[in-house]
Amino acid sequence: MNAYRNLTENINKFLTEKYEKDDAGNKIFSNLQSILHFEKACIFYINEDKLTPIYTYNFSTDETDAINIKGLLQYSLNETLFVNNCPFAKLLITDDTPYTEEENNIFKTCSFITANIIKEIELKDIMKMQVKALQDGIVEINGFNKIIKEQNKKILEADKVKNKFLSNVSHELRSPLNSIIGFSDMLISEAFGNLNEKQKEYVKDIQIAGIHLLGMVNEILDISKIESHAVKMNYSTFDMNLCLTEVLNILKPLYLKKQIAINNRILPDTLIMADYQKLQQIFFNIVSNAIKFTSEGGKIEITAKSTKKYITVHIKDNGIGIASKHHKKIFKKFEQINPSSTEGMNSTGLGLTITKELVKMHNGTIKVESELTKGATFSIKLPIKSIVA
Ligand SMILES: Nc1ncnc2c1ncn2[C@@H]1O[C@H](COP(=O)(O)OP(=O)(O)O)[C@@H](O)[C@H]1O
Ligand SMILES: [Mg+2]
């Protein structure tokens, strides 16, 4: 009875012991010895018909190397170890004292336990390798992240340099362009002598080209300022009608050339507190688009509606229009719906992006209502007092 209790306890210990790869051989054999007597023991992997020793007890390497499947029979007991019905190893024990039938059965149970112990160790090993691979992967990802961060920093620095360069260059370009436009105006007015028709036409063309170029230079200057967060608001209270009239005067040569009628119906003395130059830029961008995308002989109408707190300016044209699926896209940088139609029209695809930003800076909103071929209405809603309380 006592011997039996010992046996169950020892089998239990064999079963529940913690085995690590390095000490598994010793532990397996020492547990086995508390259950069965043997002089020598070995566990082999089966590799086709070859046996490769994994753990040995009292066997010399020469001996185990010499053992093949058939050779197992010369020793006392051997059992095949299975996992999921697959034979993968052999357990061998041998002793001068022969084994009883009962011991033989106990050996079968021990083989079953050994099979599970070995598979568990293998599984742990695979898991360890996978964890290691994962950790290596993480280290690698962290390495990449570091590189990406460094590159981002460089890109940001390069961007700053680019923005600074652009704002310098644009500045240098604006003054001569203003001279070209201004002096063309003087020539066209014939204040200093008459021009013949051809001369007048050419000077007008020079002026129009100058206006286009000024628009582009302004857009590049504005976007670089916005992107480098260098835009400061300069609020004052002024007449919106006057602000728009000035813009329309600059654009006059463009819309006259296309025989487009512009009707400014904003009432005189419509006061607003805003940034004068930025509002001019907003009007310039939207009206110049309306001119650009309206055919000869078209119409542009500018109206305003006020509530207590807001004024909304509607700039409506009867030009080519914009399909509703493009309404969001056109406010994104460099997006042009039909770039070929604006070819040769000095387009940067930046105008609406800038306009939206400038409107936002006033705590306002901009939206478009349009259908393809049915003209477009851009509506700009601004707080009459734009400064946030
Ligand atoms: N009034 C309009 N009518 C039709 N399409 C317009 C109008 N205004 C803007 N768009 C479309 O939105 C695009 C983006 O406008 P914008 O940012 O000002 O760039 P750009 O004028 O340089 O092309 C234009 O290329 C055009 O496709
Ligand atoms: Mg534009």
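Just so you know, ligand 1 is whichever comes first in the structure, and atom 1 is the first atom listed for that ligand.
- Distances below 4.0 Å separate heavy atoms of Glu335 from the following atoms of ligand 1: 13 (C), 14 (C).
- Ligand-side atoms of ligand 1 in range of Gly321: 4 (C), range being under 4.0 angstrom from any heavy atom.
- Contact annotation: Gly319 has no heavy atom less than 4.0 Å from any atom of ligand 1.
- The backbone N or O of Thr270 sits less than 3.5 Å from a side-chain atom of Asp239, completing a donor-acceptor pair.
- Here the side chain of Asn116 pairs a donor or acceptor atom with the backbone of Phe112 at under 3.5 angstrom.
- Aromatic ring pairs are classed by plane angle as parallel below 30°, tilted from 30° to 60° and perpendicular above 60°; the pair Tyr57 and Phe38 is perpendicular.
- In this structure, Phe331 falls outside the shell of residues with a heavy atom less than 4.0 angstrom from ligand 1.
- Taking backbone and side-chain atoms together, Ser288 has no N/O/S atom less than 2.8 Å away from the Mg ion (ligand 2).
- In the vicinity of Leu352, heavy-atom distances shorter than 4.0 Å reach the ligand 1 atoms 9 (C), 12 (O), 14 (C), 15 (O), 16 (P), 17 (O), 18 (O).
- Residue-level proximity to ligand 1 for Leu350 is carried by the backbone, the only part with a heavy atom below 4.0 angstrom.
- No side-chain donor-acceptor contact under 3.5 Å links Lys367 to the backbone of Thr377.
- By the 6.0 Å and 45° rule, Lys356 stacks over the aromatic ring of Phe331.
- At least one heavy atom of Lys292 sits closer than 4.0 Å to an atom of ligand 1.
- The main-chain N or O of Ile322 is found under 3.5 Å from a side-chain atom of His327 such that the two form a donor-acceptor pair.
- Near Gln336, with a cut-off below 4.0 Å to any heavy atom, the atoms of ligand 1 are 20 (P), 22 (O), 23 (O), 25 (O).
- Judged by distance alone, the side chain of Thr94 and the main-chain N or O of Tyr75 form no donor-acceptor pair under 3.5 Å.
- Of the candidates Asn318, Asn285, Ile330, Ile330 brings a heavy atom nearest to atom 12 (O) of ligand 1.
- Close contacts between ligand 1 and Gly351 involve ligand atoms 16 (P), 17 (O), 18 (O) [criterion: under 4.0 Å to a heavy atom].
- Not one N or O of Ile322 is nearer than 3.5 Å to an N or O of ligand 1, by distance alone.
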Item to check | Arg265 and Glu301: CA distance, side-chain angles, deciding distance, salt bridge (charged side-chain N to carboxylate O under 4.0 Å, His left out) verdict | outcome: CA-CA 7 Å; Arg265 288 180 24 203; Glu301 205 163 66; 3.1 Å; yes
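- Taking the ring centre of Phe88 as origin, the terminal cationic atom of Lys119 falls inside the region bounded by 6.0 Å and 45° from the ring axis.
- Between Gly349 and ligand 1, an N or O atom pair is found at a separation short of 3.5 Å.
- Note: no N/O pair closer than 3.5 Å links Thr353 and ligand 1 by distance alone.
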